[in-house]
Amino acid sequence: MDVIKRAENAGSPVNVIVVGTNLDINFYLTALERGAFDFVLPPFEHEALDFIVQSALQNARLRRHARERSTMD
């Protein structure tokens with residue numbers, strides 16, 4: 001969870017994807033409640049990981065763009 005705290009203090013928006021080794025619902029919910037973008041578990045399938053990473057990148061870009069526009073106003 002320290003990485004999520006660091007992401008909150010980053011200079012520009014980032015999305016943290018938490019990787020777990022087994023299904024732990026409490027850890028999953030805690031990660032999402034603290035701001036994780038997503039939580040993934042094995043098996044790590046290429047298509048699913050690609051979708052999650054691309055979604056996180058797009059979301060971060062949109063948030064950065066919105067932040068830049070708000071500072072211009």
Side-chain angles (χ1 to χ4, degrees):
M1 293 305 167
D2 287 341
V3 71
I4 295 172
K5 287 180 186 176
R6 287 183 181 239
E8 290 173 350
N9 297 323
S12 59
V14 296
N15 286 326
V16 175
I17 300 168
V18 176
V19 178
T21 56
N22 56 26
L23 182 57
D24 180 339
I25 297 298
N26 289 331
F27 182 54
Y28 169 80
L29 292 174
T30 300
L32 295 180
E33 288 170 357
R34 292 192 181 178
F37 180 79
D38 208 339
F39 188 96
V40 295
L41 296 167
F44 303 117
E45 298 176 2
H46 182 269
E47 293 82 13
L49 291 176
D50 186 49
F51 177 77
I52 291 167
V53 171
Q54 290 301 320
S55 296
L57 286 171
Q58 182 178 7
N59 178 270
R61 285 185 188 123
L62 290 172
R63 290 173 36 216
R64 286 180 187 156
H65 181 68
R67 186 172 156 199
E68 290 169 0
R69 289 183 65 202
S70 71
T71 59
M72 293 176 151
D73 295 338

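- R64 is listed as a side-chain neighbour of V14, based on a closest heavy-atom distance under 4.5 Å.
- Shown are L23, D24, N22; of these, the side chain to side chain contact (heavy atoms under 4.5 Å, CB included) with L41 is made only by L23.
- Residues L57 and L49 fall within the same hydrophobic cluster, defined by Ile, Leu, Val, Met, Phe, Trp and Tyr side chains chained together at heavy-atom separations under 4.5 Å.
- Clustering ILVMFWY residues whenever any of their side-chain heavy atoms sit less than 4.5 angstrom apart, transitively, puts V40 in a cluster other than the one holding V18.
- In this structure, F27 is not a member of the same hydrophobic cluster as I17, with clusters built from ILVMFWY side-chain heavy atoms closer than 4.5 Å.
- Residues V16 and Y28 are members of one and the same hydrophobic cluster, defined by side-chain heavy-atom contacts under 4.5 angstrom among Ile, Leu, Val, Met, Phe, Trp and Tyr.
- Closest of all the heavy-atom pairs between N59 and N15 is OD1-ND2, 3.1 Å.
- V19 and L32 end up in different hydrophobic clusters when Ile, Leu, Val, Met, Phe, Trp and Tyr side chains are linked at under 4.5 Å.
- The two residues G20 and P42 have their closest heavy-atom pair at O-CD, 3.2 Å.
- Of all the heavy atoms in A31 and F39, the pair that sits closest is CB-CD1, 4.1 Å.
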